[in-house]
Amino acid sequence: MKNYLLKGDINGIQNFIYNVYEGKGGVAKILRARSFYISILPDVVIKYIKDRMGKNWQCEIVLNGGGGFILRIKTNQEKDIFEKELENIRRDIESFLLRELHGEIGITFGYIEEKWDNGNFDSLNKELDAEKRRKFKTVLDEGRALSKSEDGVFFLEEPGKTKSNRKCVICRTFFEENTDICNFCKGLKKLGTLLPRSLEKEIIKRESKDKTFQFIIGERTYFLHLNNKCKGNKNPLITVPLLKRDLTVEDIEKYQLSEDVKDLEEGLVAPFEVIALYAKGDKKLGYLIMDVDNLGLLFGKISNVELQEAVSKRIDRFFKEKVSEIAIENFKPKDNELGLLDKTEIYILYAGGDDLFAIGPWDRLLDFAVMVNEAFEKFAKSLNEDREIAELLRKEKRKDKIVFYQKNKNGEKKGLSLSAGFVAVKPKFTVRMAARMCQDEEKRAKNGGKDSIGAFRDVLSWETVTHLIDECKNKWIPYVEEEEIPRRFFYRLYKLYLKMMERESKDMSFYPLMHYTIARTIKNEQVRNEVIELVNSVENRKVKFLCNYILTATRGRK
């Protein structure tokens, strides 16, 4: 009997999740549904592969998480039969992805015959890299893929059939029916409505009354079943802020909310406008993207598939369980005059694999990012002490090069860390654009050395951002609130810094100009000395972050 390792990688995940236009509202529902859809897609594909292979093949899951999977397939049939069956399976899955998702999502397959002397993971990755150039090849070779939209998306069409297509106002792809929203987005809206109340998920073959979604692959149909009647103290499948009470006409007038929220009742997912009310100062939403640094580099040194599986599962569990726990236990809405939010202030759109995407009141979300990073650092340290991982590590030829977490006396780190991108925007700002801006900030953090966060046009280490947030909260913001420092001082500091100190040739007249401003505007001698110290050290400070944080937190003051 021969053993094969089959790896599947899902491509285009982030583009798929964020490709949502404002349409007719319900963007948050669509976003959480798209995120969830991607998280269960590997389960559906694995179920199809196992069913398709039938009794002649033994198929076990080695890894399922992080947007991909590895299966161990045992068979006594010849290799050419195995390859032919695998190609048929691939054709059915690619047809399904083109038909249902218009090519936004692809799956790359690679397989090897398993060896018993390690080196499997390296070989499997090389095979997968080669296959990335053949995405959708099985279907495209048949000549049935035609251009579906102005964005160059593909779809399958029956030859000779003419269509009168409309554009979906949510996903901007074309479809046949005479409505504004395609069936796929309608299904996602329903899914997004049910998720906050759902405690368990299951992919089943039989249709039930409470089916949410169906997946037709080849000649087989699978249904997503959501359960909201589980015993015990289980958290919902997704973590979102809920409304603590009905929204009234008085609330809408008092907080200047839009008419879109007038009929929302207790227990429903809180709209972005309400979440933003919990922000300090300017009522802005924060958007946060975080993911693991150096994971590909780490896995590139691992030759044992089981070791990669053990590490991947633990990272996936951290994002799925620990991140949600942090949001629920540490970011409960404070009892204040609002009394509008229940459960948490943090809206987790996606957390799993090796990354997360969250929304919340801008200042609280920054605190959340810092707390998640602290928890991840402890988690990375724990991998060094994990017995199962230690046992698997002994079998590795390059075990001395595999570093999960190290920190020397000088504070220099090696191994796994987190990088993040953060933006603060008005609650009505386009979600899709905010997500893109977050990605840009994260890229700046990655390019700036990793283990950092891009926020307010600055890149900061986690130690620096933690210190600056504390400094703003405990010193500068109280000074502004107590009118010891005019708010406009930080606005001038920010503008002059951008104009004079960010150029290749710095304009040193910045310093006398700022000292003149200090002398004119700050009367308290102790406060003035602290401000002088800040200005004199401006070239070694993250001024853009500091000023933006203070100005956003004190919006509405002079």
Side-chain angles (χ1 to χ4, degrees), residues 17-36 169-170 185 188-189 191-193 195-196 236 238-248 251-289 327-328 331-334 336 338-351 356-369 421-439 441 455 552-553 555:
I17 292 174
Y18 306 140
N19 188 29
V20 178
Y21 296 78
E22 303 316 293
K24 289 191 171 182
V27 171
K29 289 181 186 178
I30 297 290
L31 277 170
R32 61 179 175 261
R34 280 182 169 245
S35 300
F36 185 78
V169 295
I170 293 176
C185 287
L188 288 175
K189 273 193 146 182
L191 176 59
T193 301
L195 278 173
I238 63 168
T239 300
V240 293
L242 303 176
L243 285 175
K244 196 170 186 178
R245 58 176 175 79
D246 296 356
L247 283 179
T248 64
D251 291 326
I252 293 171
E253 292 176 354
K254 182 177 180 181
Y255 302 117
Q256 298 181 336
L257 303 175
S258 68
E259 288 296 310
D260 298 338
V261 303
K262 64 181 179 181
D263 296 322
L264 292 183
E265 300 173 347
E266 175 187 345
L268 294 178
V269 179
F272 289 166
E273 291 175 83
V274 171
I275 297 171
L277 293 175
Y278 282 73
K280 182 173 179 61
D282 203 354
K283 303 308 176 188
K284 285 186 174 181
L285 278 180
Y287 284 75
L288 174 72
I289 289 175
I328 292 171
F331 292 88
K332 296 181 186 299
K334 296 177 182 177
N336 56 21
L338 289 170
L340 290 171
L341 287 188
D342 193 20
K343 190 179 179 183
T344 180
E345 295 172 325
I346 307 299
Y347 191 129
I348 299 177
L349 275 164
Y350 177 78
L356 71 87
F357 179 31
I359 298 173
W362 72 270
D363 56 317
R364 299 291 284 158
L365 195 64
L366 278 170
D367 293 340
F368 173 73
F422 169 89
V423 295
V425 296
K426 292 294 184 183
K428 283 290 188 180
F429 191 79
T430 305
V431 175
R432 185 172 53 87
M433 291 304 299
R436 302 289 186 208
M437 290 161 62
C438 256
Q439 288 175 306
E441 288 290 345
T552 309
R555 181 70 183 269

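No hydrogens, no waters, no symmetry mates; every other heavy atom, side chains included, goes into these values. The residues of the chain are indexed from 1 along the displayed sequence.
- Proximity of L264 to D246: side-chain heavy atoms (C-beta onward) are nowhere separated by under 4.5 Å.
- Contact detail for L288 and F422: the closest heavy-atom pair is CD1-CB, 4.4 Å.
- Y350 and R34 share no donor-acceptor pair across their side chains, judged by distance under 3.5 Å alone.
- Looking only at side-chain heavy atoms (C-beta outward), E273 and S258 come within less than 4.5 Å of each other.
- The shortest non-hydrogen separation linking T239 to K343 is CA-NZ, 4.4 Å.
- Nearest heavy-atom pair, A270 versus I275, reported as atom, atom and distance to 0.1 Å: O-CD1, 3.7 Å.
- In this structure, A327 and T344 approach most closely via the heavy-atom pair O-OG1, 2.7 Å.
- In this structure, K244 does not pair ionically with D342, as no charged nitrogen and carboxylate oxygen lie closer than 4.0 Å.
- Closest non-hydrogen pair, P196 versus V240, comes out as CB-CG2, 3.9 Å.
- You'll find the side chain of R364 reaches within 4.5 Å of the side chain of F331, heavy atoms only.
- Looking at residues two or more places apart in sequence or on another chain, you find no ring-ring contact (aromatic ring centres under 6.0 Å, His included) involving Y287.
- Just one residue in the list I17, V269, I348 forms a side chain to side chain contact (heavy atoms under 4.5 Å, CB included) with R32, and that residue is V269.
- Side-chain atoms of D282 never come within 3.5 Å of backbone atoms of R555 as a donor-acceptor pair (strictly under, hydrogens ignored).
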- Item | side chain to side chain contact (heavy atoms under 4.5 Å, CB included) assessment of L243 paired with V274 | CA-CA 9 Å; L243 285 175; V274 171; 4.3 Å; yes
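- Considering only residues two or more places apart in sequence or on other chains, F36 meets the ring-ring contact (aromatic ring centres under 6.0 Å, His included) condition with none of them.
- Put simply, the side chain of L285 does not reach to within 4.5 Å of the side chain of Y347, judged on heavy atoms.
- Ring centroids of F429 and F272 are separated by 6.0 Å or more, keeping the two rings apart.
- Residues Y278 and P333 come closest through the heavy atom pair CE2-CB, 4.0 Å.
- Taking the side chain as every heavy atom from C-beta outward, F368 and L365 approach each other to under 4.5 Å.
- We find that D251 and R245 are joined by a salt bridge, their nearest charged nitrogen and carboxylate oxygen being less than 4.0 Å apart.
- Residues V425 and K284 fail the side-chain proximity criterion, which asks for heavy atoms closer than 4.5 Å.
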